[in-house]
Amino acid sequence: MQSRSSAPRTGRPRSVEADEAILAATRAALVELGWSGLTLGDVATRAGVAKTTLYRRWAGKNELVVDAVAALFDELELPDRGSLAADIEIVVLQFAAILSRPEAKTALMAVVAESTGDTALRDRIRSSIVDRQKHLVTEGRARAQARGELPVENDPETAARGTDLIFDVIAGAVVHRCLVSSKPVDTDWAGDFTRLLLNGLTAASAT
């Protein structure tokens, strides 16, 4: 009798290469055609896969575009630069560099606009993009606490609220700067923003 662990799998395994090609094709189609013009058939043609391949992986355009955006933000990393300020600055610059790419800017603004009337799409954006990147804040805080730069927060609920707030402040500021104000995020801006974040308004105005 064959054990469950050794039972053969059924169906074809997912291809990482095919997924990457599909997500890249989705971003390219958004830049060229916009949200309303994008179709799964066009994405399949650009990616060189069958349309059925897309439908096996994504229920529709909303899910596909969110995952195409999420893949870009998965490029964010948190290198140890030796201090909390330096860590924040490098992530801010990385984030801004991603948002400066036409495919990221177009895709993110498209899904956010579409989500205003679609609760399910907002939930997917939250889980696939926002919540997925909060590990950067968690890791950064833990590293700063280990260095003695921040106090250790022992209450999980308070720590979670703090993580949410920090993420919202950083992401909100960079998105507004890049996509709403359309102004550059350079090293000077990243440094000024980081000092304001770490020192607070009172300390910043006193310098």
Side-chain angles (χ1 to χ4, degrees), residues 23 62-101 104-183 185 187 189-205:
L23 296 178
N62 289 1
E63 293 82 1
L64 175 60
V65 174
V66 170
D67 284 2
V69 177
L72 290 176
F73 295 130
D74 283 343
E75 297 176 14
L76 287 169
E77 297 177 344
L78 187 65
D80 190 343
R81 301 294 295 272
S83 71
L84 178 58
D87 290 353
I88 293 172
E89 288 178 26
I90 193 63
V91 169
V92 165
L93 292 170
Q94 284 183 52
F95 187 27
I98 291 173
L99 290 177
S100 70
R101 292 154 60 176
K105 183 185 303 185
T106 302
L108 181 60
M109 294 185 77
V111 293
V112 170
E114 192 69 17
S115 72
T116 57
D118 189 332
T119 301
L121 181 55
R122 286 200 302 273
D123 290 343
R124 189 174 181 89
I125 291 171
R126 185 182 305 111
S127 62
S128 298
I129 299 176
V130 177
D131 291 345
R132 200 150 102 188
Q133 297 305 327
K134 285 183 180 176
H135 73 92
L136 296 168
V137 176
T138 303
E139 292 171 12
R141 289 180 77 185
R143 187 182 293 166
Q145 288 166 349
R147 296 190 194 109
E149 295 175 288
L150 291 176
V152 175
E153 178 53 70
N154 294 314
D155 178 55
E157 185 175 341
T158 302
R161 286 200 305 271
T163 295
D164 287 347
L165 180 58
I166 294 168
F167 184 91
D168 289 345
V169 169
I170 295 175
V174 178
V175 168
H176 187 279
R177 178 79 176 180
C178 293
L179 303 187
V180 180
S181 298
S182 296
K183 293 183 178 180
V185 173
T187 53
W189 188 90
D192 290 343
F193 169 74
T194 300
R195 283 188 291 275
L196 180 64
L197 178 66
L198 295 181
N199 298 329
L201 288 172
T202 303
S205 63

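Gln145 contributes atom CD, which lies 10.0 Å from atom CG of Leu84 (distance to the nearest 0.5 angstrom). Atom CG of Leu78 sits about 10.5 Å away from atom OG1 of Thr138, to the nearest 0.5 Å. Rounding to the nearest 0.5 angstrom, the gap separating the CG atom in Leu136 from the CD atom in Glu77 is 9.5 Å. Separating the OG1 atom in Thr187 from the CG atom in Asp192 is a distance of 9.5 Å, to the nearest 0.5 Å. With rounding to the nearest 0.5 angstrom, the CG atom of Leu179 is 9.5 Å from the OG1 atom of Thr106.
Residues Arg161 and Asp164 are not paired through a salt bridge, judged by the lack of any N-O separation under 4.0 Å between the basic side chain and the carboxylate.
Taking the side chain as every heavy atom from C-beta outward, Ser181 and His176 approach each other to under 4.5 Å. Between Arg81 and Glu89 there is no side-chain heavy-atom pair separated by less than 4.5 Å. The side-chain heavy atoms of Val111 and Asn62, taken from C-beta on, include no pair separated by under 4.5 Å. For the pair Val175/Phe95, a side-chain contact is recorded, criterion being any heavy-atom separation below 4.5 Å from C-beta on. Taking the side chain as every heavy atom from C-beta outward, Phe167 and Asp131 never approach each other to under 4.5 Å. Two residues are said to be in side-chain contact when any heavy atoms from C-beta on lie closer than 4.5 Å; Arg177 and Val174 fail this criterion.
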In sequence, state the C-alpha distance, the side-chain angles, and the governing distance for Ile88 and Leu198, and then conclude on side-chain contact (heavy atoms from CB on, under 4.5 Å). CA-CA 10 Å; Ile88 293 172; Leu198 295 181; 3.8 Å; yes

Step by step, work out the side-chain contact (heavy atoms from CB on, under 4.5 Å) result for Arg124 and Asp67. CA-CA 9 Å; Arg124 189 174 181 89; Asp67 284 2; 3.1 Å; yes

Please report the C-alpha distance between Cys178 and Lys105 in whole Å, then the side-chain angles of each, then the deciding distance to 0.1 Å, and finally whether the side-chain contact (heavy atoms from CB on, under 4.5 Å) criterion is met. CA-CA 9 Å; Cys178 293; Lys105 183 185 303 185; over 6 Å; no

Please report the C-alpha distance between Val69 and Leu23 in whole Å, then the side-chain angles of each, then the deciding distance to 0.1 Å, and finally whether the side-chain contact (heavy atoms from CB on, under 4.5 Å) criterion is met. CA-CA 8 Å; Val69 177; Leu23 296 178; over 6 Å; no

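Ser83 approaches Arg147 most closely through the heavy-atom pair C-NH1, 3.2 Å. Across Ala173 and Phe193, no two heavy atoms sit closer than the pair CB-CE1, 3.5 Å. Taking each heavy atom of Ser115 and Ile125 in turn, the nearest pair found is CB-CD1, 3.7 Å.
Of the residues listed (His135, Glu153, Lys134, Arg141), the one engaging Thr163 in a side chain to side chain donor-acceptor pair (under 3.5 Å) is Arg141, and it is the only one.
Using a distance-only test at 3.5 Å, with no hydrogens or angles considered, a donor-acceptor pair links the side chain of Gln133 to the main chain of Phe73. With hydrogens and angles disregarded, no donor-acceptor distance shorter than 3.5 Å links the side chain of Arg143 to the backbone of Asp87.
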